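Working notes, beginning with the structure itself.
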Amino acid sequence: MIRKLLLFIAVIFLNSHRLFSQVNYDQKFLDSMFTEYVNLKEVLRNKEYSKPLGVSTENSKCGLFLINFVKQNLELFTPQQQQFLKTLSGRPSVSKSIISPSGEFRIHYDTTTAEKPKYISSASIEDNLSIIAVSIDSAFNFEVNYLGYPSPPSDNGAGGDNLYDIYIINLGGGLYGYTESEGDLGGGKYTSFMVIDNDYAGYYSSGINGAKVTLAHELHHSIQMGNYVLRFDDTFFYEITSTSMEEFVYDDVNDYYAYMSSYFSSPQKAFAENDGYNLAIWNIYLKENFGFNLLKRQWELMPAHRAINAINTSITETGSSFKHELNNFGVWTHYTKHRAIPGKYFEEASSYSLIRPLFTKNFTSPDEVITIFSNPTANNFVHVTNQINNDTLFVLITNGDVLAAVNNISHIDSFAYYLYDYPESGTNKIDSNYYSKFTTKNPFLWSLSEISDTVINVVEPQLKTDYAYPMPFSYRAHLAGKINIPISTDNANNVSLYIFSTAMELVYSNDDEALDTQNKNIIPWKVRDNQNRKLASGIYIYVIKSGDDLQKGKLVILHD
C-alpha cells in the first residue's frame, strides 16, 4: 500500500501544474486524492508495516500538496468522504516530549521499539533527541535569525503550549516528512505542525542526515504557510525554496542530488511544470548572483503575485530580466560533470548530471536550419556537431515568456535557428567557423547563448520590437505593473513621454523618461498618471519625443 502511495504522489508532482491549475477538480481526481490520503493516514495510525520500505528518489520527498490539499478542500469531497477524512486529520498521538535548547520547539516522540528516535542506532533515545533538538535550532537560527524570515506563528496552545510542535513517528520509508496546516489565520495563512521520520533507514540520506535536511525543508514550509500564503497552484515554488534551504543550512548533506536528474534530462519543460525538488539549483544560482535577499523578496511578493510573477518582479527590480537570468542559469547547468570549471558556476557542479539536449544535429556545409516548438519559460538546448571540422557547438535558446507561463502554460511558440559557415547577411559571428541567425514571432521574449568549448556568445534578439507589450495591459494580470513601449531612435538615453486619453486629456508626462537598462529600444512605463494613480480602463495615445523625432501609438488599459 505504501508503494502505491509513492507512485501516486510521483504522478501528482510530475503533472503538478495541470492539476493545480484546474478551477474545478473532477470527481475522479478527488476520489484518488481521498484514497491516497486515507492510505497514508491509516498506515501511519495503524502501523500496518513491519519494516521501512525503500523510498523513490523522485517526487516523493514531502507531503505538502497531498496532506494540505485534502485538509483545505474538504468541501470538495462527498459528505461521506468528508466525515471520514475528519477522523484522520490532525496531529499524531505520541506520549512524550522535550523542548529544544532555543525554547522555540517542542519535540514529541514515543519510546516503543517501532517508534523511538534512532537516527544513530548506537546512541540512546536521549542522545538522538538531543541531536534533533540542536539540528532544528540550527535551521531556525539560519532561516529566521540570519536570513530574516519571520518565525512560524504560534499555534495558540495546540500541542500543549505555544511552542512549534515537531512529531517523530515511523513514516515507514515513504515521505521524508510533512508540514500540516492547522489554524486558519486568514489571507491564506495557517498555523502548522511538523512530522518527521524516526530513523530515515533506507532513504537517500539516511539517519541523522535525513533528519537534518527534513527539518530545514519543513521549517521553511511552516514559515511559508504561516507568514506568506499557502497556494496549491504554485506548489513547485514552495518546494524549490524548501529544498534549497536544505543545502543552505546543511551544505554537507546534499540530499538534493537525488532529485536533480529530472530537470537535467528535460530543461525544455516550462519552469512551473517541474516538481520543484529538482530545481533547488535555481535558488542556488540566484543566491550566488544576487544574494539571499532576492529569495526573501520573492516570498514578500507571493501573497499578491503568482510564483512566476514574483520571481520575475524580484529579478526586474535588480535591473536584470527573467529571460536573461534563465538563460544564464542554463549556461551554468551546461558546465557540470566533466565540463565543470573550478571556481566558476556551481561550486558542486562536478557532482551534477550533464544537461540533455533536445537533439543532436550534424552540421552539413554550407548551412543548416533548426526549427523547434518551445514551452514558455523553458531552456532549449541543441547540440550541433561537425564531423568534418571535428568540433561541437551547444546552442541554448531561452523562451522567457512569463505572461504565458502564468496565463496559458500550454502555449507553444516556434523559432528557427540558422547556422552558416559563411557570413550571410544579418548573421551574428560565433567564431571563425560559424555564423548564426535567430527568428521568432516575439524576439524580445527570448535570449540566446552559443557555447563553443569555454567561449560563450550571448545574443539578445529583442533589440528591435515594433509594438507595446503586454497589450492589452491589465492591472490584475500583469503584476509587474508596466508597459514596454517601443521607440524608433537608436541613440537616446532619455526621451520625453506623453500619455493622452482619447479626449486628448494629458494624463502623464515626463520630459526625462529613462529607457530600459538592457534594451534601449523600449520605455518600461509604469502605468500610472502623474499623481501615481492607476488609470481607468480605456484606449490611450502615447507620444514619444526624441530630439526632432515624434512617435505615436495606442495603448489599451484594463482596470479590472
Side-chain angles (χ1 to χ4, degrees), residues 61-62 64 100 102 104-105 131-152 164 166 176-177 179 194 196 200 203-205 208-228 234-260 263 274-302 307 310-311 314-315 318 325 328-329 332-333 336 343-352:
K61 183 180 181 66
C62 168
L64 180 73
S100 71
S102 69
E104 296 286 345
F105 300 93
I131 295 171
I132 293 297
V134 170
S135 297
I136 187 59
D137 279 354
S138 294
F140 180 87
N141 186 57
F142 187 88
E143 296 180 24
V144 176
N145 295 335
Y146 177 66
L147 296 184
Y149 287 93
S151 302
Y164 190 87
I166 300 171
Y176 273 62
T179 301
M194 185 192 307
I196 67 171
Y200 292 97
Y203 290 70
Y204 181 85
S205 294
I208 191 58
N209 282 342
K212 285 180 175 180
V213 294
T214 303
L215 291 167
H217 183 112
E218 300 299 335
L219 175 61
H220 211 274
H221 280 330
S222 71
I223 291 170
Q224 295 159 9
M225 69 175 68
N227 299 287
Y228 299 106
D234 287 326
T235 301
F236 80 97
F237 182 66
Y238 291 71
E239 300 303 356
I240 287 176
T241 306
S242 282
T243 308
S244 66
M245 280 297 160
E246 301 174 14
E247 175 67 1
F248 297 146
V249 178
Y250 293 111
D251 179 49
D252 59 326
V253 177
N254 297 325
D255 188 76
Y256 75 106
Y257 287 2
Y259 308 94
M260 294 168 57
Y263 178 74
N274 290 281
D275 57 50
Y277 307 126
N278 60 357
L279 272 174
I281 52 170
W282 167 251
N283 269 14
I284 295 172
Y285 165 81
L286 292 180
K287 175 257 181 182
E288 289 298 313
N289 286 275
F290 298 99
F292 284 114
N293 284 340
L294 180 77
L295 307 182
K296 185 166 174 283
R297 174 60 177 154
Q298 291 170 4
W299 280 101
E300 292 167 353
L301 293 165
M302 271 290 285
I311 296 170
S314 69
I315 292 173
T318 70
E325 297 307 331
N328 195 42
F329 168 71
W332 281 44
T333 63
T336 59
K344 289 194 69 175
Y345 308 115
F346 292 110
E347 181 183 2
E348 300 171 10
S350 60
S351 299
Y352 297 173

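Along the sequence shown, the residues carry numbers beginning at 1. Because the structure is predicted, anything quoted here is derived from the model rather than measured.
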Would you please name every residue forming a ring-ring contact (aromatic ring centres under 6.0 Å, His included) with Tyr228, sequence neighbours left out? Trp299
Side chains of Tyr149 and Leu219: closer than 4.5 Å at any heavy-atom pair? no
Tyr285 and ring-ring contact (aromatic ring centres under 6.0 Å, His included): which partner among Tyr352, Phe329, Phe290? Phe329
Using a distance-only test with no angle check, is there a side-chain donor-acceptor pair under 3.5 angstrom linking Asp255 and Tyr203? no
Heavy-atom closest contact (Ile223 atom, Glu143 atom, distance): CD1-OE1, 3.8 Å
Distance col, row Asn254:CG vs Met260:CE, nearest 0.5 angstrom, shows 9.5 Å
Nearest heavy-atom neighbours spanning Ala280 and Thr243: CB-CG2, 3.8 Å
ring-ring contact (aromatic ring centres under 6.0 Å, His included), that's the test. Do Tyr164 and Phe140 meet it? Break it down for me. CA-CA 11 Å; Tyr164 190 87; Phe140 180 87; 9.6 Å; no
Looking at every heavy atom in both His221 and Tyr238, which two are closest together, and how far apart are they? CE1-O, 3.5 Å
side-chain contact (heavy atoms from CB on, under 4.5 Å) evaluation trace for Ile281 with Trp332: CA-CA 10 Å; Ile281 52 170; Trp332 281 44; over 6 Å; no
Looking at every non-hydrogen atom in both residues, tell me the closest pair between Ser135 and Tyr250 and how far apart they are. O-OH, 2.7 Å
I would like to know whether Ile311 and Trp282 meet side-chain contact (heavy atoms from CB on, under 4.5 Å); could you show each step before the answer? CA-CA 11 Å; Ile311 296 170; Trp282 167 251; 3.9 Å; yes
Go through it in stages, so that I can follow the logic: the residues are Thr214 and Met194, the test is side-chain contact (heavy atoms from CB on, under 4.5 Å), and I'd like the CA-CA distance, side-chain angles, deciding distance and then a yes or no. CA-CA 10 Å; Thr214 303; Met194 185 192 307; 5.7 Å; no
Provide the closest heavy-atom pair for Pro152 versus Ser222 in the form atom of the first, atom of the second, distance. CG-OG, 3.2 Å
Partner of Tyr277 by ring-ring contact (aromatic ring centres under 6.0 Å, His included), out of Tyr204, Tyr259, Phe237: Tyr259
Scan His220, Gln224, Glu218 and name whichever one has a side-chain hydrogen bond (donor to acceptor under 3.5 Å, both in side chains) with Ser242. Gln224
Nearest atoms (heavy-atom pairs only) where Ser151 meets Asn227: O-ND2, 3.0 Å
Going by heavy atoms in the side chains, are Leu215 and Ile166 under 4.5 Å from each other? yes
Donor + acceptor pair across side chains of Glu246, Tyr176 (<3.5 Å): no
Is there a side-chain contact between Leu301 and Arg297 in this structure, where contact means two heavy atoms from C-beta onward sitting under 4.5 Å apart? yes
Below 4.5 Å, heavy atoms only, C-beta onward: do Thr318 and Glu325 meet side chain to side chain? no
